[in-house]
A.B. asks: 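My questions will all concern the structure given below.
Counting starts at 1 for both ligands and their atoms, in listed order. Just so it is clear, the model here is predicted, and its values are computed rather than measured.
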Amino acid sequence: MKLFETTKEMGHEQVLFCHDKESNLKAIIAIHDTGLGSAMGATRLWPYVTEEDALRDALRLSRGMTYKAACANIPVGGGKAVIIANPENKTDELFRAYGRFVESLNGRFITGQDVNLSPEDVRQISKETNHVVGTSEKSGGPAPITSIGVLLGIKAATEFRLQRNELAGLKVAVQGLGNVGKNLCQRLHEHDVKLFVTDVSKEKTEEIKRLYGATVVEPNEIYSLDVDVFAPCALGGILNSSTIPQLKALIVAGAANNQLENEHIHSKLLESKGILYCPDYVINAGGLINVYNEMIGYEEEKALSQLNNIYSTLLEIFESAEKEGYTTYEASKVLAEKRILKAKHIKLMQQTN
Ligand SMILES: NC(=O)C1=CN([C@@H]2O[C@H](COP(=O)(O)OP(=O)(O)OC[C@H]3O[C@@H](n4cnc5c(N)ncnc54)[C@H](O)[C@@H]3O)[C@@H](O)[C@H]2O)C=CC1
Ligand SMILES: O=C(O)C(=O)Cc1c[nH]c2ccccc12
């Protein structure tokens, strides 16, 4: 990868390669934009096959955080960190070494728990830095709020694409039954939605089957089901040239980050099949909304009002995409960039006054 060409094109401010000899830590912290405030983004741990895969993930995820904050009208910047490791090799020393790197950024980057990190891992990071959020019990943790945001997104999309005002009787396929996916299943079940689920963990699929009467399928069968909505809540890159042709759902609405393998090609492919795609960083902003409010002093009413905006922002995106002949991904990018420019302008005016 051409490093400076890529960071210039994607707009990153700073990328840190962190190495600690004793703990064998290898981490990449990508700071995309701090124009509106500290770069916020949770840290994930993943056994990336190549270092380039890890870098690409960090760069895309961090840019996604900038757009996420902008679309949610949250005055922070975007960042993300990846730790290159096998979850089996996690140690307290690894997380403490990582925490020291986060601390060295003096609050330019604020992080927390993402894929493959446990609350205990985050506690180890917190021993070395205060720039960690999402650990308070007070606000209930980010995943439940993220799942409410996804539910609102499913509502907006079914109204727009299917002209249906009721969730009852809808068929939804949920990929991944982790913190967000499980919670989403509970909420969909409460709305009398028929669930189809998959996960690589049999324990998790059995639990959802038992609790909500979900139909369990193999991981590779989730794409081709005859359902109304496909809700990816596991990995990124799952919307690609081999999966999109299999989709029968007319809506993709889920929590996973970086759902499109190639943003341009695969958003167009979805559109050409008449599938309404809810841009990931718009529909999954609930987690960020939750941790941001925790950081500034949690007020439930304020957090819920920001969360409810996910519904109206998505409708705005669907409408402008239709009107301008864009894909919903392009429309969300335009909206994010417009809001960033406006917010930066307001900030500049406040500073000069
Ligand atoms: N937790 C949060 O508040 C937020 C999460 N997200 C994103 O949502 C996604 C899910 O997040 P969490 O639920 O917190 O993660 P998690 O790690 O708790 O859950 C992921 C689940 O996906 C399953 N999985 C892995 N590979 C799979 C495969 N090939 N097929 C089916 N299932 C598979 C795992 O077994 C696990 O149960 C991630 O992409 C995350 O970045 C985005 C915004 C906020
Ligand atoms: O939406 C994402 O991808 C996030 O990283 C949200 C998030 C969850 N927990 C956090 C802790 C600190 C900064 C962001 C998050």
A.B. asks: Mind checking side-chain contact (heavy atoms from CB on, under 4.5 Å) for Glu300 and listing every partner two or more places apart, or none if nothing turns up?
C.D. replies: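 Counting only residues at least two positions away or on another chain, Glu300 forms a side-chain contact (heavy atoms from CB on, under 4.5 Å) with Tyr298, Leu304.
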
A.B. asks: In terms of side-chain geometry, is the basic nitrogen of Asp33 or Lys344 positioned less than 4.0 Å from the acidic oxygen of its partner?
C.D. replies: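 Salt bridge present between Asp33 and Lys344.
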
A.B. asks: For atom 19 (O) of ligand 1, what's the nearest protein heavy-atom neighbour? Residue, atom name and distance, please.
C.D. replies: Gly178 CA, 3.2 Å

A.B. asks: Which ILVMFWY residues can you reach from Met349 by hopping between side chains whose heavy atoms are under 4.5 Å apart?
C.D. replies: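 Members alongside Met349: none; it stands by itself.
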
A.B. asks: Less than 3.5 Å between some nitrogen or oxygen of Asp199 and one of ligand 1, yes or no?
C.D. replies: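 N/O-N/O distance below 3.5 Å exists for this pair.
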
A.B. asks: Compile the donor-acceptor pairs under 3.5 Å between side chains in residues 157-168 and protein atoms, sequence neighbours left out, one pair per line.
C.D. replies:
{"unit_1": "Thr158", "atom_1": "OG1", "unit_2": "Ile154", "atom_2": "O", "d": "2.9"}
{"unit_1": "Thr158", "atom_1": "OG1", "unit_2": "Lys155", "atom_2": "O", "d": "3.0"}
{"unit_1": "Glu159", "atom_1": "OE1", "unit_2": "Tyr311", "atom_2": "OH", "d": "2.6"}
{"unit_1": "Glu159", "atom_1": "OE2", "unit_2": "Tyr311", "atom_2": "OH", "d": "3.3"}
{"unit_1": "Arg161", "atom_1": "NE", "unit_2": "Gly274", "atom_2": "O", "d": "2.9"}
{"unit_1": "Arg161", "atom_1": "NH2", "unit_2": "Gly274", "atom_2": "O", "d": "3.0"}
{"unit_1": "Gln163", "atom_1": "NE2", "unit_2": "Phe160", "atom_2": "O", "d": "2.9"}
{"unit_1": "Arg164", "atom_1": "NH2", "unit_2": "Ala168", "atom_2": "O", "d": "3.4"}

A.B. asks: So, does Arg44 sit close enough to ligand 1 that a heavy atom of it is under 4.0 Å from the ligand?
C.D. replies: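 Yes; Arg44 lies near enough to ligand 1 that a heavy-atom distance drops under 4.0 Å.
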
A.B. asks: Salt bridge or not between Arg123 and Glu128? Use side-chain N to carboxylate O under 4.0 Å.
C.D. replies: no

A.B. asks: For atom 39 (O) of ligand 1, grab the closest protein heavy atom and report residue, atom and distance to one decimal in Å.
C.D. replies: Ala234 O, 3.0 Å

A.B. asks: For Lys204, counting its heavy atoms only, list the atoms of ligand 1 lying under 4.0 Å from any of them.
C.D. replies: 36 (C), 37 (O)

A.B. asks: Look at atom 43 (C) of ligand 1 and say which protein heavy atom is nearest, naming residue and atom and giving the distance to 0.1 Å.
C.D. replies: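 Of every protein heavy atom, Asn284 O, 3.5 Å lies nearest to atom 43 (C) of ligand 1.
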
A.B. asks: Let me know which of Thr7, Ile31, Ile29 forms a side chain to side chain contact (heavy atoms under 4.5 Å, CB included) with Gln14.
C.D. replies: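 The side chain to side chain contact (heavy atoms under 4.5 Å, CB included) with Gln14 is passed solely by Ile31 among Thr7, Ile31, Ile29.
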
A.B. asks: For atom 15 (O) of ligand 1, which protein heavy atom lies nearest, and how many Å away is it?
C.D. replies: Val115 CG2, 4.3 Å

A.B. asks: Within ligand 1, which atoms have a heavy atom of Pro142 less than 4.0 Å away?
C.D. replies: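 Numbered from 1, ligand 1 contributes 3 (O).
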
A.B. asks: With a 4.0 Å heavy-atom cut-off (strictly under), which part of Leu177 contacts ligand 1: side chain, backbone, both or neither?
C.D. replies: backbone

A.B. asks: If you measure every N or O of Thr146 against every N or O of ligand 1, does any of those distances drop under 3.5 Å?
C.D. replies: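 Yes, at least one N or O pair falls under 3.5 Å.
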
A.B. asks: Tabulated below should be the N or O atoms of ligand 2 paired with protein N or O atoms at under 3.5 Å; can you produce that?
C.D. replies:
{"unit_1": "ligand 2", "atom_1": "1 (O)", "unit_2": "Lys68", "atom_2": "NZ", "d": "2.6"}
{"unit_1": "ligand 2", "atom_1": "3 (O)", "unit_2": "Lys68", "atom_2": "NZ", "d": "3.1"}
{"unit_1": "ligand 2", "atom_1": "3 (O)", "unit_2": "Lys80", "atom_2": "NZ", "d": "2.6"}
{"unit_1": "ligand 2", "atom_1": "3 (O)", "unit_2": "Asn257", "atom_2": "ND2", "d": "3.2"}
{"unit_1": "ligand 2", "atom_1": "5 (O)", "unit_2": "Ala42", "atom_2": "N", "d": "2.9"}
{"unit_1": "ligand 2", "atom_1": "5 (O)", "unit_2": "Lys80", "atom_2": "NZ", "d": "2.8"}

A.B. asks: Of all the non-hydrogen atoms in the protein, which one sits nearest to atom 27 (C) of ligand 1, and at what distance?
C.D. replies: Val200 CG1, 3.8 Å

A.B. asks: Regarding ligand 1, does Val180 bring an N or O atom to under 3.5 Å of one of the ligand's N or O atoms?
C.D. replies: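 N/O-N/O distance below 3.5 Å exists for this pair.
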
A.B. asks: Give the residue, atom name and distance (to 0.1 Å) of the protein heavy atom nearest atom 6 (N) of ligand 1.
C.D. replies: Ala255 O, 3.6 Å

A.B. asks: Are the charged groups of Asp57 and Lys80 less than 4.0 angstrom apart, N to O?
C.D. replies: no

A.B. asks: side-chain hydrogen bond (donor to acceptor under 3.5 Å, both in side chains) with Asn293: which of Glu299, Gln306, Lys302?
C.D. replies: Gln306

A.B. asks: Is it true that Lys333 and Glu263 make a salt bridge, defined as a side-chain N closer than 4.0 Å to a carboxylate O?
C.D. replies: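 So Lys333 does not pair with Glu263 through a salt bridge.
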
A.B. asks: Would you say ligand 1 has an N or O under 3.5 Å from any N or O of Lys68?
C.D. replies: no

A.B. asks: Around atom 18 (O) of ligand 1, find the nearest protein heavy atom and jot down its residue, atom name and distance.
C.D. replies: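 So the nearest neighbour among protein heavy atoms is Asn179 N, 3.0 Å.
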
A.B. asks: For ligand 1, note which part of Cys233 has a heavy atom under 4.0 Å away: side chain, backbone, both or neither.
C.D. replies: backbone

A.B. asks: Could you tell me whether Glu13 and Arg108 have a side-chain N and a carboxylate O separated by less than 4.0 Å?
C.D. replies: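 So Glu13 pairs with Arg108 through a salt bridge.
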
A.B. asks: Report yes if Gln175 has an N/O atom closer than 3.5 Å to an N/O atom of ligand 1; otherwise report no.
C.D. replies: no

A.B. asks: If we set the cut-off at 4.0 Å for heavy atoms, which region of Leu235 has an atom near ligand 1: side chain, backbone, both, or neither?
C.D. replies: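 The side chain, only.
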
A.B. asks: Any atoms of ligand 1 less than 4.0 Å from a non-hydrogen atom of Gly176? List them with their elements.
C.D. replies: 22 (O), 32 (N)

A.B. asks: Nearest 0.5 angstrom please: Ile289 CD1 to Asn73 CG, how far?
C.D. replies: 9.5 Å

A.B. asks: Could you check whether Tyr277 and Tyr329 have their ring centres less than 6.0 Å apart?
C.D. replies: no

